[in-house]
**Student:** 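First the structure, which I've put down as structure tokens, then a few questions once you've had a look.
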There are 2 protein chains.
Amino acid sequence: MSDGDNLLKLVEAEEADDQDYLLQEQVGFILRKAHQRHVSIFAAHIGDLTPPQFAALAKLRDVGETSQNQLGTLIAMDAATVKGVIDRLKARGLVELSKHEVDKRRLLVNLTAEGRDAIERLIPLAREITRETLAPLSAKEIATFMKLLAKLA
Amino acid sequence: MSDGDNLLKLVEAEEADDQDYLLQEQVGFILRKAHQRHVSIFAAHIGDLTPPQFAALAKLRDVGETSQNQLGTLIAMDAATVKGVIDRLKARGLVELSKHEVDKRRLLVNLTAEGRDAIERLIPLAREITRETLAPLSAKEIATFMKLLAKLA
DNA sequence: TTGATATCATTTGCATACGAATGAATTTGC
DNA sequence: GCAAATTCATTCGTATGCAAATGATATCAA
């Protein structure tokens, strides 16, 4: 392609912007890819737990026993999704469920001893996952990126 | 909890950083939330197509007829995922499939006339989706963010 | 108090997303 | 030119993710 063609494209782009919708430059597309990359890094370090499962355990470690719904709010999962995640953690003995004494609608979730051991053991690996995910950026870039990303989330 | 306890926790945090692993500050967690928000914005503007389906149509518009596998590479989807997406687009008459004349392994995918109409009609909405997703940021912040996000993806 | 609302949890249905296994067809390496 | 390796596509199984509908319980308001 000649320089003339490049120039023509630039001129056209200023007028008819339907011509240059580039999927690979859209924030949603790149966000999806960045997320995919992170999940892949996560899986390489923590093979037997998914990021949502890890999030549930990490948050239970923070807040202690909570209702399934409340936990979902804390880790940004809707009720249907969190149920599946908790069911699988329960099947593996990492969390235990109990009924709320007063409010009979609520299902309380808590870490088991095994679940607590697991999350404590995994946190160092999670730190490394964060580090590796951000590895393409310098320290200053990381600070900038995290600030802007937080605004979008 | 007393002020003494707070002080103790701060002191401990400086030594044993296992104490302050905060899920909500980890890049993976925020990336997942940002992606969720984008998908939600997408759905509000384009209700009858998912972001992956849109991506497939938009990329076919760019490159014309390609193999299913190649399309998957271009839109960052593995073979199993892209098959499902294409199957659903085909069922709706937006893409058509044909066999590669020479290489019999390949399944060629292309837009139908209806699919071409659809993607042309949707691109303005997609621009608005990008705009709304990035709305929390200033123009300068957007430029910075996109540069850094691209490095991570 | 009771009727309307709201909340919590579950279920169903659909759509990504990916690892692993399989089979068909092609390309490579010797 | 042929065996080995690779590529393309499919299928299966598992795990999010969310909308919508449902049932049980709790709260609010007249």
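Each chain gets a letter, A, B and so on, in the order the sequences are listed, and its residues count up from 1.
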**Student:** Nearest-Å distance, CD (A/Q36) to P (D/dT16)?
**Tutor:**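 Interatomic distance, CD of A/Q36 to P of D/dT16: 16 Å.
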
**Student:** Taking for each residue the nucleotide of DNA chain C bearing the nearest heavy atom, is the 5' side occupied by A/S40 or by A/A80?
**Tutor:**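 Closest to the 5' end, via its nearest nucleotide, is A/A80.
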
**Student:** Using whole Å, what does the distance between atom C1' of nucleotide C/dT16 and atom CZ of B/F54 come to?
**Tutor:**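 It works out to 17 Å between those atoms.
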
**Student:** Whole angstrom is fine here: how far is it from NZ in A/K99 over to C1' in C/dT10?
**Tutor:**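 About 14 Å, once rounded to whole Å.
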
**Student:** Measure CE/B/M77 against P/C/dC18 and give the value in whole Å, please.
**Tutor:**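 Distance check: B/M77 CE to C/dC18 P gives 9 Å.
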
**Student:** So, is B/R32 near the phosphate of D/dT16, with a side-chain N or O under 4.0 Å from OP1 or OP2?
**Tutor:**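 So the side-chain polar atoms of B/R32 never come under 4.0 Å of the phosphate oxygens OP1 or OP2 of D/dT16.
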
**Student:** For D/dT16 and A/R88 - does any side-chain N or O of the residue sit under 4.0 Å from the phosphate oxygens OP1/OP2?
**Tutor:**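 So the side chain of A/R88 is within the cut-off, an N or O lying under 4.0 Å from OP1 or OP2 of D/dT16.
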
**Student:** Strictly below 4.0 Å: does A/R106 bring a side-chain N or O up to OP1 or OP2 of D/dA26?
**Tutor:**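 Answer is no, no contact under 4.0 Å.
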
**Student:** Counting only side-chain N and O atoms of B/S67, is one of them less than 4.0 Å from OP1 or OP2 of D/dC8?
**Tutor:**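 No, B/S67 has no side-chain N/O under 4.0 Å of OP1/OP2 on D/dC8.
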
**Student:** Quick one: is A/T50 getting a side-chain N or O under 4.0 Å of the D/dT16 phosphate, OP1 or OP2?
**Tutor:**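 Yes, within the criterion.
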
**Student:** Looking at C/dA17, C/dA6, D/dC8, which one has an atom nearest to any side-chain atom of B/N69?
**Tutor:**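 Minimum distance to the B/N69 side chain belongs to D/dC8.
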
**Student:** So for the helix from C/dT1-D/dA30 to C/dC30-D/dG1, with five pairs setting each end axis, what is the inter-axis angle to 10°?
**Tutor:**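 Axis angle across the helix from C/dT1-D/dA30 to C/dC30-D/dG1, nearest 10°: 30°.
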
**Student:** Tell me: NZ of A/K83 to P of C/dC8, nearest whole Å?
**Tutor:**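 These atoms are roughly 17 Å apart.
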
**Student:** Looking only at side-chain atoms of B/D103, point me to the closest of C/dT26, D/dC18, D/dT10.
**Tutor:**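 Taking heavy atoms from C-beta onward, the closest nucleotide is C/dT26.
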
**Student:** Roughly, in whole Å, what's the span from NZ in B/K104 to P in C/dA24?
**Tutor:**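 Going from NZ in B/K104 over to P in C/dA24 covers 13 Å.
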
**Student:** Is a donor on one side and an acceptor on the other found under 3.5 Å between the side chain of A/T112 and the backbone of A/G93?
**Tutor:**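 Confirmed, A/T112 side chain pairs with A/G93 backbone.
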
**Student:** Can you tell me if A/Q70 touches the phosphate of C/dC8, counting only side-chain N or O atoms and a distance under 4.0 Å to OP1 or OP2?
**Tutor:**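 Answer no for this pair, as no side-chain N or O of A/Q70 is under 4.0 Å from OP1 or OP2.
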
**Student:** Would you mind telling me which of C/dA17, D/dT10, C/dA25 lies closest to the side-chain atoms of B/A79?
**Tutor:**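 Nearest listed nucleotide: D/dT10.
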
**Student:** On the nucleotide C/dT16, are OP1 or OP2 found under 4.0 Å from the side-chain N or O atoms that B/Q53 carries?
**Tutor:**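 Yes, because at least one side-chain N or O of B/Q53 sits under 4.0 Å from OP1 or OP2 of C/dT16.
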
**Student:** Please check this pair: side chain of A/R37 against backbone of B/L152, looking for a donor-acceptor N/O pair closer than 3.5 Å.
**Tutor:**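 Checked: pair present.
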
**Student:** What's the closest nucleotide to the A/L107 side chain, out of D/dT25, D/dA15, C/dA9?
**Tutor:**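 Within the option list, the nearest is C/dA9.
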
